[in-house]
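This report concerns only the one structure given below.
Convention: sequence-line order gives letters A, B, ...; per-chain numbering from 1. Being a predicted model, the structure only gives us computed values, none of them experimental.
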Amino acid sequence: MNFGFTEEQEMLRNQVVRFIDDECSIDVIRTFDRDTNQALWKKIAELGWVGLTIPERFGGSGLKWVDLTVVLEETGRGLCPLPLTSNALACASILRSGSIAQQQEWLPKIANGSVIFGFGLYDEPNWIDKDAITLEASDHITGTKTFVSDALLATHVMVGVQTKNGPALSIVDGEAINSIALDVMDRTKPAAQVQFDQVPATNDRFIPLTDADLDYVNSCGAVAVTAEMVGAAEAVLALTSNYAKERIQFGHPIGKYQGVKHRLADMFVDIESFKSLLYYAAWCVDDATGDLSQAASRAKAHASDAFAQIGIDGVGLHGAIGFTAEYDVQLYLKRAKWARTMFGDSDFHYNRVATLGGL
Amino acid sequence: MNFGFTEEQEMLRNQVVRFIDDECSIDVIRTFDRDTNQALWKKIAELGWVGLTIPERFGGSGLKWVDLTVVLEETGRGLCPLPLTSNALACASILRSGSIAQQQEWLPKIANGSVIFGFGLYDEPNWIDKDAITLEASDHITGTKTFVSDALLATHVMVGVQTKNGPALSIVDGEAINSIALDVMDRTKPAAQVQFDQVPATNDRFIPLTDADLDYVNSCGAVAVTAEMVGAAEAVLALTSNYAKERIQFGHPIGKYQGVKHRLADMFVDIESFKSLLYYAAWCVDDATGDLSQAASRAKAHASDAFAQIGIDGVGLHGAIGFTAEYDVQLYLKRAKWARTMFGDSDFHYNRVATLGGL
Amino acid sequence: MDFDFTPDEEAFRTEVREFLSENLPPRNERPGSFLREWLEKVRARGWVGFSWPKAVGGSDGDVARQAILKEEMALAGAPPLGTSFMGLAWVGPGIIQYGTEEQKTRFIPDILDSKVTWCTGYSEPNHGSDLAAIQTKAERVGDHYRVNGQKIWTTGAPYADWMILLTRTDFNTEVKHDGITCLLVPMKTPGVEVRPIENMAGDRHFAEVFFTDAEVPIENRLGEEGRGWAVTISALANERSSIGEVTQMSGKLEDLKQLVRESRKQGAPASDDPLVRRQIAEFETKIAAMKYNGLRYLTRQLRGQPLSSETSVNKLLRASLEIEMDDFAVELQGQEGVQLQTQTARWARSSLSWPNVVIGGGTPNIQRNIIGERILGLPKD
Amino acid sequence: MDFDFTPDEEAFRTEVREFLSENLPPRNERPGSFLREWLEKVRARGWVGFSWPKAVGGSDGDVARQAILKEEMALAGAPPLGTSFMGLAWVGPGIIQYGTEEQKTRFIPDILDSKVTWCTGYSEPNHGSDLAAIQTKAERVGDHYRVNGQKIWTTGAPYADWMILLTRTDFNTEVKHDGITCLLVPMKTPGVEVRPIENMAGDRHFAEVFFTDAEVPIENRLGEEGRGWAVTISALANERSSIGEVTQMSGKLEDLKQLVRESRKQGAPASDDPLVRRQIAEFETKIAAMKYNGLRYLTRQLRGQPLSSETSVNKLLRASLEIEMDDFAVELQGQEGVQLQTQTARWARSSLSWPNVVIGGGTPNIQRNIIGERILGLPKD
């Protein structure tokens with residue numbers, strides 16, 4: 001029984017924290033662009049974080065999603081815009097569902113940072129299902145993918161398509177497509193609409209997705225986003241607790257008043273809860289795949305709604321300063337709105353929890 | 001524009017308050033029985049409250065449901081077990097859907113207190129619909145009505161039945177039936193299982209119910225129960241606020257702490273809200289029947305959940321003393337559980353609000 | 001109990017409606033000159049400062065007609081009746097109650113004629129909710145006050161002509177409410193510097209305002225020296241029935257229902273989803289509660305009964321609705337909901353603007369204190 | 001990260017399971033002598049006072065084995081391991097930590113052998129959550145203390161043999177935590193009177209206890225005079241992982257799901273209703289959160305790291321679950337849900353019993369203060 005992190009994992013965490021502090025502070029992320037991404041990506045590839053979950057035989061570190069969780073918690077805490085989640089999902093998909101040839105072709109390039117993936121699964125904005133993948137692919141792809149994460153930061157995109165054999169993920173070169181930046185609320189989670197105009201598609205660029213595969217990749221997505229939410233929510237709690245200790249109103253720090261104190265305590269309870277749910281789900285990705293769907297849904301469902309409220313209350317408890325552009329707490333509120341529905345909102349995931357729980 | 005009570009209505013309110021104080025205090029209701037009911041019923045019939053909504057030509061006061069609301073608020077505040085709601089529904093049904101002959105036969109007897117009705121509409125415990133009325137009636141009635149309010153206090157019961165022409169209310173003498181007391185949590189809302197064994201039923205004892213009639217009587221039921229909830233919820237707020245002013249913990253009255261103060265303020269907001277919704281719904285019964293369904297559903301939906309939480313928090317904020325049998329606040333918690341689903345729970349009513357609102 | 005207005009009142013409603021049908025073209029058919037003409041027309045009707053005394057140019061409009069006017073304007077989605085929201089909402093009433101005759105003559109007509117806009121210099125960096133703790137200093141020097149200090153969150157400051165400013169003229173009073181003095185300050189006064197603040201939605205409606213030896217003539221003091229707190233309190237209390245707001249919220253709900261009708265959730269019409277239906281019904285019910293609360297309170301005013309702090313009830317309801325409705329709309333739209341340039345991006349933008357309403361009018365926790373202490377009689381913090 | 005126990009630990013789990021399958025017949029097949037025999041058997045195994053030192057008759061069981069024992073017992077729905085919940089939970093540990101050798105010899109074996117039951121005399125009428133403010137007076141007179149005062153909400157007092165009693169021996173201390181002395185009192189002591197209190201569910205598990213010149217020998221004092229607060233704090237802190245509780249809540253959830261499967265709502269199976277499904281899923285998720293929170297905290301204990309006040313997290317989760325699950329079950333059943341003699345009346349009864357858990361262990365507001373102050377470092381009230 002050892003439901004905690006190892007010393008190595010804590011060292012990894014410290015390394016990420018240092019990197020965020022030194023190289024990717026909030027000041028950097030406010031003006032983040034493709035160039036910044038490529039410069040930093042090179043560094044983190046050297047640090048081994050990009051290929052964290054890639055087996056050593058493909059040039060990766062051969063670690064697990066629990067280790068990745070450590071990284072994502074900390075990048076989430078810093079609202080770091082590096083496309084780690086998109087690339088972790090690309091790796092997970094290739095590892096689970098790709099051919100040996102595909103693994104040999106792509107994983108080493110991801111690990112060394114020469115290939116960076118944007119990722120987009122569905123075409124309906126609020127539908128998690130294989131039928132929500134509608135872009136058609138044959139020997140070429142023509143059409144539009146409405147929401148592809150990180151497409152503008154990446155060298156390639158991996159997108160959900162429908163082939164004559166069913167759903168698949170397609171790997172497409174960035175140069176073959178036209179990516180139009182979406183004006184998203186959370187600029188640290190850039191996304192694009194991607195247009196495909198007669199883009200040639202050979203068989204080796206398709207990774208077929210069975211129902212179980214799609215469930216797996218969506219669950220991994222939910223785990224990754226929830227890991228980022230844990231760090232981000234803890235950042236809101238820390239920012240707001242500190243403010244509550246310092247801000248004097250009516251002669252006392254506002255944190256003395258139970259109206260503030262108890263709400264912060266409830267935030268702590270929520271974060272502890274979805275953090276524990278998350279850790280178990282992350283462990284399931286590698287060590288108990290049969291439990292993954294349920295565990296991921298519990299974590300994402302809880303976090304989606306709790307973090308949404310934490311974002312709102314974090315801003316609200318700061319009073320007027322909280323919603324000024326220059327103050328950081330509002331950035332987290334925007335992140336919460338982005339994260340809330342990515343890979344499924346609470347309605348979707350709670351319903352899945354009910355189903356998997358026998359109702 | 002006059003969304004408030006008249007002087008006459010305020011006088012009526014004062015009269016009810018005095019009656020509750022003098023004749024039907026909490027001590028009385030803790031040992032309430034059929035004899036107490038019949039003695040008190042005679043008095044309130046003389047005071048004109050039983051026949052409040054019965055036209056003067058049938059021996060009543062010819063007032064409206066807004067006036068009845070005043071009475072029910074105050075009897076609700078006192079948790080008074082008198083079967084006012086059952087009889088108000090019997091009156092409303094006879095007035096709306098009964099024949100002239102039925103009106104002439106029954107209304108004067110209700111008004112003068114010689115006939116007291118128990119009332120039971122549905123046979124499935126959590127289903128508001130004409131199909132939830134399953135007891136069959138032809139020239140006789142045989143079967144069981146599982147939940148009839150006030151049957152053991154009454155001289156007659158009015159129960160939902162299915163006839164060959166569709167749903168109807170049937171008027172049955174108390175002597176022709178076998179009523180078995182149910183062991184209910186809220187003893188101030190006695191109910192019985194009523195067994196019918198070849199009870200003869202003549203046509204003049206049936207009041208046919210169209211869909212609109214059933215909707216009307218159910219909405220009236222929701223309005224009556226909500227009126228009782230307003231008074232009862234205000235009683236919880238008053239009890240708990242007073243306790244919060246007097247109870248010293250850690251050197252201060254607990255009402256100083258925002259954890260207590262803000263919850264009480266939220267109770268006030270909820271009660272003000274469902275009170276206003278109720279008043280409009282009560283006005284609709286007589287003056288805007290077309291709006292009644294929606295108005296009643298809004299009031300009952302809001303009150304059902306809000307009062308349930310007020311009952312729980314009222315007990316909880318009292319600490320241990322709140323859940324002792326001798327302390328009164330727990331009686332309101334039991335009332336809240338009873339009221340929550342009577343004539344429809346919040347899920348039912350909110351869904352109706354959505355439908356009537358055009359979704 | 002009745003919900004009827006008198007025949008006279010209904011005639012007034014008809015007058016308003018007829019005016020609106022003649023003078024309020026659909027939003028996309030309004031010429032460039034529309035707003036200026038609109039302001040002149042409603043002014044000519046006497047609807048600007050409708051409740052103000054005739055003596056200062058108002059119409060002595062009674063409470064019922066005020067409610068009717070507000071409701072009809074909101075129902076029609078009409079533009080405001082003047083360009084200075086704060087001028088009409090509390091600066092004007094404050095001047096009418098506390099101003100000298102000279103001040104009334106000098107300031108009121110310009111407010112009514114939309115010639116000037118006002119902003120409100122209350123909050124300071126260290127005293128958000130605790131207004132009485134202000135530190136901006138006004139020293140009397142000859143025939144003027146010399147003002148030094150800083151205000152913040154001053155809505156409208158970047159484009160206002162005048163400010164109603166709370167200063168402290170006495171730092172040695174026992175009660176901090178004393179020693180506060182209210183000044184009316186031209187924004188162009190030398191020594192007044194406005195630095196706009198960008199909010200999270202990217203707007204720059206509010207600002208920091210710095211005062212460095214800014215000189216304000218004594219005749220611009222509103223009320224007596226050291227008695228500015230009374231002016232402030234009366235200004236803050238100068239809120240009437242929330243009927244206009246309710247109509248606005250109802251309009252927003254109708255738009256939200258339309259969004260639901262046009263949206264899909266998990267591959268099916270969102271309007272079929274019981275969780276969506278429940279949420280919409282809860283919003284509908286809360287807005288109805290605001291409406292009927294408002295009508296109950298209006299009735300009390302019509303009867304000449306004083307209102308206690310019941311307006312905090314609707315403020316709390318509105319605060320939660322403002323947050324929740326936008327949040328729901330954003331969530332419903334999934335990945336489309338977080339974008340700022342879609343057809344339905346108003347929901348995303350508005351989901352970043354609720355603090356204007358929710359924090360601006362006194363935080364929800366302050367409203368709960370008001371209810372707990374003033375209505376329920378619980379001990380003060 | 002792993003969720004495996006060591007082979008030795010797993011062997012222990014197997015031992016427990018085998019014991020249970022041999023010695024725990026289904027509820028309706030248990031003979032009248034079952035409980036006495038059960039207690040003897042688990043005692044013989046060394047599972048009573050499992051974590052206590054061998055020197056006093058315990059087994060020195062480590063944290064992992066404690067968790068396994070608790071979990072397996074809860075999974076099997078086994079009866080308690082002794083008749084005195086409080087004796088095992090904190091009186092015994094308190095005596096082990098603070099008692100004299102004589103006290104250990106005198107009290108511990110009877111607790112382990114289920115020969116006596118204990119109750120806890122902490123709360124007083126005017127000091128519910130504020131334990132340090134107690135007023136029950138103990139005066140030293142010769143070789144005993146003379147006790148006068150009153151306790152209330154004393155759970156189990158109507159059938160307890162002994163009480164662990166907090167008294168005040170010094171009323172003049174600067175800090176109210178000082179001057180408190182802890183006594184071990186036979187309930188049969190002359191001058192001790194128990195008046196049972198009926199709760200809203202109709203049960204009489206707790207009582208008022210009055211002390212009138214009750215004499216308690218000095219050798220029954222636990223710890224030093226005036227140092228009783230330390231004993232109390234250590235007793236209250238003597239709560240370990242919540243693994244047993246989680247298993248209990250999981251069992252309750254399974255029962256609730258069964259109720260849903262058997263219930264109809266608005267004429268259709270309740271299990272098809274999205275609002276019902278969502279509610280059940282939220283319960284499931286909260287219970288899972290309790291479980292994994294508990295495992296994280298257990299891991300810290302296994303690593304020898306001190307726990308701060310994190311146990312308040314699971315207490316708050318449990319409090320809300322206890323209230324909400326019963327409430328949901330009662331509501332789901334409509335008019336049947338509020339009856340006390342139906343097949344499913346356990347939900348109605350249990351919906352009247354939550355305060356035992358929710359208030360008894362420190363109210364939710366107290367737990368929030370603990371988290372806010374001790375973990376987040378916010379200023380004290």
Item to complete: For the pair C/Asn199 (side chain) and A/Phe323 (backbone), establish whether a donor and an acceptor sit closer than 3.5 Å, ignoring hydrogens and angles.
Response: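 No; zero donor-acceptor contacts below 3.5 Å.
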Worksheet entry | Pick from A/Leu317, A/Asp129, A/Ile312, A/Asp131 with the largest number of heavy-atom pairs that fall under 4.5 Å of chain C |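 Counting heavy-atom pairs under 4.5 Å, the top option is A/Ile312.
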Worksheet entry | Residue selection (most heavy-atom pairs with chain C, distance under 4.5 Å) from A/Asp345, A/Val260, A/Asp347, A/Asn351 |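 Of the candidates given, the most pairs with chain C belong to A/Asp347.
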Do [X] and [Y] come within less than 4.5 Å of each other through their side chains, counting heavy atoms only?
{"X": "A/Pro167", "Y": "A/Val161", "result": "no"}
{"X": "A/Ile310", "Y": "A/Tyr332", "result": "no"}
{"X": "C/Asp178", "Y": "C/Asp170", "result": "no"}
{"X": "A/Glu124", "Y": "A/Thr146", "result": "no"}
{"X": "C/Met187", "Y": "C/Val194", "result": "yes"}
{"X": "A/Leu121", "Y": "A/Leu214", "result": "yes"}

Positions in [range] that reach chain A, provided some heavy atom is under 4.5 Å away:
{"range": "residues 319-327 of chain C", "answer": "C/Ile323, C/Asp327"}
{"range": "residues 369-381 of chain C", "answer": "C/Asp381"}
{"range": "residues 334-348 of chain C", "answer": "C/Gly334, C/Gln335, C/Glu336, C/Gly337, C/Val338, C/Gln339, C/Leu340, C/Gln341, C/Ala348"}

Practice prompt. Considering only heavy atoms and a distance below 4.5 Å, find which of C/Arg264, C/Arg349, C/Glu331 pairs most often with chain A.
Written response: C/Glu331
Which portion of [X] sits near chain C, non-hydrogen atoms under 4.5 angstrom:
{"X": "A/Tyr257", "answer": "side chain"}
{"X": "A/Ala320", "answer": "both"}
{"X": "A/Phe348", "answer": "side chain"}
{"X": "A/Ile254", "answer": "neither"}

Item to complete: Drop me the distance from A/Lys300's NZ to A/Ser219's OG, to the nearest 0.5 angstrom.
Response: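 A/Lys300 NZ to A/Ser219 OG: 11.5 Å, rounded to 0.5 Å.
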Practice prompt. Find the distance between CH2 (C/Trp229) and CG (C/Leu166) and round it off to the nearest 0.5 Å.
Written response: 7.5 Å
State whether a side-chain donor-acceptor pair under 3.5 Å links [X] with [Y].
{"X": "C/Glu124", "Y": "C/Thr136", "result": "yes"}
{"X": "A/His302", "Y": "A/Tyr350", "result": "no"}
{"X": "A/Gln330", "Y": "A/Lys334", "result": "yes"}

Worksheet item: Under a 4.5 Å heavy-atom cut-off, does chain A meet the side chain of C/Ser351, its backbone, both or neither?
Response: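 Interface part for C/Ser351: both.
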Fill in: side chain to side chain contact (heavy atoms under 4.5 Å, CB included) involving A/Asp211 - partner list, sequence neighbours excluded
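Here the qualifying residues are A/Lys130.
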Item to complete: Could you tell me whether C/Phe210 atom CZ has more than 12 heavy atoms of other residues or ligands within 6.0 Å of it?
Response: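 Result for CZ/C/Phe210: enclosed.
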Worksheet item: Does C/Lys257 NZ have over 12 foreign heavy atoms under 6.0 Å away?
Response: yes
Worksheet entry | Pair A/Arg340 + A/Asp305, salt bridge at N-O below 4.0 Å |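 Yes, this pair counts.
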Practice prompt. Could you please spell out the steps behind the side chain to side chain contact (heavy atoms under 4.5 Å, CB included) verdict for C/Glu198 and A/Glu326?
Written response: CA-CA 7 Å; C/Glu198 185 178 328; A/Glu326 71 177 309; over 6 Å; no
